[in-house]
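Written below as structure tokens is the structure these notes are about.
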Amino acid sequence: MAESSNAANQMDIDETAIDEGLYSRQLYVLGHEAMKKMAASNVLIVGMSGLGVEIAKNIVLAGVKTVTIFDPAPVTVQDLSSQFFLRAGDIGKARAAATLPRLAELNAYVPVRDLGGKAGDEVTVALIKGFHVVVLCGVSYKKQLEINNWTHENGVHFIAAETRGLFGSAFNDFGPKFTCVDPTGEQPLSGMIVSVDKDKEGVVTCLDETRHGLEDGDYVTFSEVQGMTELNGCEPRKITVKGPYTFSIGDTSGLSDYKTGGIFSQVKMPKLLDFKPLTESLKSPEFFITDFAKFDRPAILHAGFQAISEFESLHNRSPRPRNDEDADEIVALAKQLDSDADEKVLKEMAYQATGDLSPMNAVLGGFVAQEVLKACSAKFHPTFQHMYFDSLESLPNNLPTEADVQPIGSRYDGQIAVFGKSFQDKIASHRQFLVGSGAIGCEMLKNWSLMGVGSGPDGIIHVTDLDTIEKSNLNRQFLFRAKDLGHFKAEVAAAAVAEMNPDLKGKILAKQEPVGPATENIYDEAFFAGIDGVTNALDNVKARLYMDQRCVFYRKPLLESGTLGTKGNTQVIIPNLTESYASSQDPPEKETPSCTIKNFPNAINHTIEWSRTQFDHLFVKPAQASNAYLSEPNYLESTLKYSGQQKEQVEQIVSFLVTNKPLTFEECIIWARLQFERDYNNDIRQLLFSLPKDAVTSTGQPFWSGPKRAPEPLVFNSSEPTHLEYVIAAANLHAFNYGLRGDNNPALFRKVVDSVIVPEFTPRSGVKVQINDSDPVPAAEGSTDDDPEDLTSKLPSPSSLAGYRLNPCEFEKDDDTNHHIDFITAASNLRAMNYNITPADKHTTKQIAGKIIPAIATTTSLVTGMVCLELYKIIDGKNKLEDYKNGFVNLALPFFGFSEPIAAAKSKYGETEWTLWDRFEFSNDPTLAEIQQFFEENHKLTITMVSQGVSMLWNPWIGKKKSDERLHMKFSALVEHVSKKPIPPHVNYLIVEVMVSDEDDEDVEVPFIVVRI
Amino acid sequence: MSVPPAVMRRVMRELSELEKNPPEGIRMQMNDEDMLDVTGIIAGPEGTPYSGGYFKVKFKFTDEFPAAPPKCWFGTKIFHPNVGANGEICVNTLKKDWKSTYGIGHILVTVKCLLIYPNPESALDEEAGKLLLEDYQSYCNRAKLITSVHATPRVKPVEFNKPSAQELEATKSKSENDGAKDATAKPVAASASESSSQRAASTSKLSAPTTTTLTLPAPASLTSTLPLPPILAPYAMPILTRKSASPAPPMSLKASLSSDKEGLGVGPQKDRHPSPSPLGTADANVGGGKPGMGVGIGMASTAGLGGVTGTKAVKRAATGTAVSGAEKRKKALKRL
């Protein structure tokens, strides 16, 4: 085994073998290094029930060398409770064999094999030879021990996992010497420094109050340090944090004196882990805590899972659902292992032992799949060693009876065993609106389909997504296949899960209309009246905020979730109970000041931001402006006049339509070559002319120091790859603007660029300034240029070019052939060369320029499972804060955290307490004066300002005449009058905000107002 | 765009406050139709080459406001090192130092401060930056020229017809003090402006005569008033000596529209490690330093009024023009 493992590791895996288009989002989570190791790993998964298939799905999507499955047991109807790749027609066939074709079509790069066998066969040591990772799902402890004894000795990574109802368990043994190369998965930190003490304890201080973000025990090295040059490229030094801007690197007294400058870079140090084999670990377990509010649970579950396994060995059957006799026996068995174990929890475990819930399998399946990837790639910190998780609080407040949980021979038996048949009916009658059908959306629909959400006569699922399916989606949006590319996500997903569970045929309504103010005629009052709740599966804050607002208005529960790489969170919003999504938000990322981008970049993300803007400036805006000139009557007069940059814009249009309009591709190459000269040579020389390298600041410090890196102009050289790549991309994009056919042949480019005559550049020597009042006034700017009128005369009349249009580029990051990312990468790297910043490869540039959010199926699967565990509670109608849980996870560390939702904040007017869920309602289209009167008479509050949407309807300074007029208009008329827009016919109420003050003239906050019109 | 009600509520509150109590030299142009279509007008602070001009500052609120700053740019052409050709403004408040408690008023006061303390070290317009570093007088002349061409209307914007509370208060106390002022202030002011008109050509760092620190009226309340920093006359606040001669604001900008303790983010940074150039961030420029360090620093109000309470000698080295302090005061009074 060890041999074959080495052989696999030695296999030279070509980097291009990784399909960046498919794995794009996941590569930003794992990196090429880890993906290459995964591509050399063979994984075996034993047990193809709900949990096994969830793990297998996530691993096949992630991409390993091969996935092999083993489960010769025949499919039963109960399997359909959570096994999404089995159908009613598969009943009686071997589980693995029936699963294989559907699993295999998830990822063309991952061959999936079935070990075969016949019903009743168990996994043996002989079968697991040749695999790097072995995952046992729902296998007895006896068997686990037998297999683990062998894997521990033979360098095979071992994982065991199972779920029973609302309880889950996972165990890792990656052997005695497992090296984890990147325990956190976070980007290594780096930053500029401003001093290093020469001392026994050398304290490093960061520049400009920038937080270093390091932690005690981290390692750093340095570059660009002047003076204490021994630090440059030094062996990683362990640090101690001294403050947010300072850290110590140990003894520096023997080094040279620090002068100036320098950058620290964190170095990730590998971590060696010594896993115990299962035999030892069962006796002295180390637990990974999944919920700090239940810190005693892992020990109980540790005993409980073993007891159930023991029971099954003794009786050759599982404990019967909610059967006290069986449960008592399990409690007794568990007490032998751990006499302190809580009886109530153990009993629930016994009751639910045959329970099989799709959400639990999603949570555990996502988690375990990530552990498999950790075993393959050594990326991220593996769980050490036992993980137990439960969601006992998802049980209904009225617990089911024993009779209610008996199997009825239905596909929902796994869920009925836990929740009972009556609750199953509630689930079937539920009506949910799923907003988004991407990664989270697909997983959500899969879980709902298995749970039977909306499958009853009264139930329904609405799902909407405006997107169509793209290649990079296929890596984790597992309901989509290559044949679905270009189709609407919501439609394909709805069809896929209705096929999964035919009870949902006709019960899923797919839409393409995105949610937003423009579609309130579709998602209107009647629509919201017809649903019980909303689940967000969105990828942007704007839509999340909008849905939040709508749910607050219609008082609907909202399930919110999101992922970022290995991190995920879930939030439950319950009307009249919790705060809403908008109540607390993460701060958005800080932007970089524009002068840093324009003149003083010091990091690659600065040059990437600059080149992204360059892309717009060169290939989008001029073409758009030219088209606007050609198509909009009086464009120059009306639009440009108010832009404040009329001259520049006219110049640009003249250049694009007349003076520099290319007729051949060669001219585009020349244009690109000259653009190179301008941006990477001339402009840099101009900047250095204005601010020479020896310039000093007011305080006599060198101007170019600290975060300001003095640039160096580039001299074009067609044999420099980046120079030529720039010209190739720029020329092709310019050609695209004009509809000219491009070319990629470097030889052609070299030939053309080397013959381009580049005009000599002299920096503009300052601007002419008027010294005395009596001097003639020089023209406002650049006195030699034409004024706009002269320029305009150079423009062809739009009619002379009737029908002629340029093609503005539409930025598309995921098309490898369109030169967009090529251009941005080349432009950014050229500028990085100007400023001596380390360039970035295309992959990294694409993420930053395209603002790509890293994503991986494991996190999505887990987060969606957690959301569904909360959905059970919503369906049950739980109404106490402590019933619900908001979750935070990071699979890389790993970390699980749960918190009670925050209560809606209470405000007060007079003696009345209110929250964001309250409002005033007015009917019959009243006048503002009537509303005013209502507040005066009933609450002794004076209205000081009134707004609706973005319109300011009334305030005290609009003047008496206007005020009198507006106060006495019907509300709908008032809104139309001020907004100057008609109210659409479907609108039957308006949301109004007022500012009011009390009798002491103090501002008082009051709820919003709903005015029915 | 659908704006969350809480955000709309906040904008409404802020606009109401700005309308009732506009900061000195700052007025709003509002649009009933669309409250988010906000334009601020900043009167070019006296004693700067922007004096006499009125500069529009446009706002665009993103979905993430107030968590993320609004986009904000000059709608009036201006020659200023921190303002780009498209009106873009380089000031940290609008980028990395943004806090969700900051508001429209805060931004406008910050931008106004930037007119008073341009920061060549975060230059967007490097030509302006170069001039400011190398040849202050040329910078002034150029900025003044652009101001006169692009930013000086024949009549001042109507928004400025109504004085702010501070301005009113200033006028009141001014008239109360007029007698005393005439007796003490005039001669100094006159002599100062005489010398200043010559100095305009020679540009020397510490040439301003000793002046008394002026005291602005105390803000009525933290949230309802936007006190402005006193203005330094350009000669008295030479770029090259800013570090040693920190301006001495009698009251810190902390008491700005937001109740946020950090105000413009200057005060609390004192004990952090300073960068080699303390003015490295645009913000560091606008907050002023420790009080009472000013040597040869002229202070002036920005209100378009000649002098403010208790000012003995308000130096406003008129940029190139030889208008006496007294005349100027008269003019300013007329404007009210």
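Worth saying up front: this structure is predicted, and the values here are computed from it rather than measured. Just so we're on the same page: letters track the sequence lines, and every chain starts at 1.
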If you take all heavy atoms of B:L36 and A:V950, which pair is closest and at what distance?
CD1-CG1, 3.8 Å
N-O pairing of A:E993 and B:R13 below 4.0 Å:
no
Is A:N955 reaching over with its side chain to a backbone N or O of B:S16, donor-acceptor style, under 3.5 angstrom?
no
Distance col, row A:C595:SG vs B:N92:CG, nearest 0.5 angstrom, shows 7.0 Å
Which atoms of A:V946 approach chain B - backbone, side chain, both or neither, heavy atom under 4.5 Å:
backbone
Would you mind checking if A:K598 and B:E88 are paired as a salt bridge, meaning a charged N to carboxylate O distance below 4.0 Å?
no
Rounding to 0.5 Å, atoms CZ (A:F689) and CD (B:E126) come to a distance of 11.5 Å
For residues A:I991 and B:M8, determine if any side-chain heavy atom of one lies less than 4.5 Å from a side-chain heavy atom of the other.
no
Could you point out which residue of A:T697, A:T699, A:L691 forms a side-chain contact (heavy atoms from CB on, under 4.5 Å) with B:E121?
A:T697
Which pair of heavy atoms, one from A:W957 and one from B:L15, lies closest together, and at what distance?
CH2-O, 4.2 Å
Measuring heavy-atom distances to chain B, does A:F1008 have an atom under 4.5 Å in its side chain, in its backbone, in both, or in neither?
both
Closest heavy-atom pair and its distance - A:P593, B:K95:
CA-CG, 3.6 Å
Short question: side chain of A:S951, backbone of B:E33 - any donor-acceptor pair under 3.5 Å?
yes
Taking B:A68, B:A67, B:S148, B:A123 one by one, which has the highest count of heavy-atom pairs under 4.5 Å against chain A?
B:A123
Answer with side chain, backbone, both or neither: which region of A:R550 has an atom nearer than 4.5 Å to a non-hydrogen atom of chain B?
neither
Considering all heavy atoms, the nearest A:S947-B:M35 contact:
CB-CE, 3.2 Å
For A:K962 and B:D32, work out which heavy atoms get closest and say how close.
NZ-OD2, 4.4 Å
Top contributor to chain B interface from A:T944, A:V552, A:D548, A:L687 [non-hydrogen pairs under 4.5 Å]
A:L687
Can you name the nearest heavy-atom pair linking B:R9 to A:V1006, along with the distance?
NH1-O, 2.8 Å
Pick one of side chain, backbone, both or neither for A:I958, based on which atoms fall under 4.5 Å of a heavy atom in chain B.
side chain
Heavy atoms, side chains only, cut-off 4.5 Å: are A:E591 and B:W98 in contact?
no
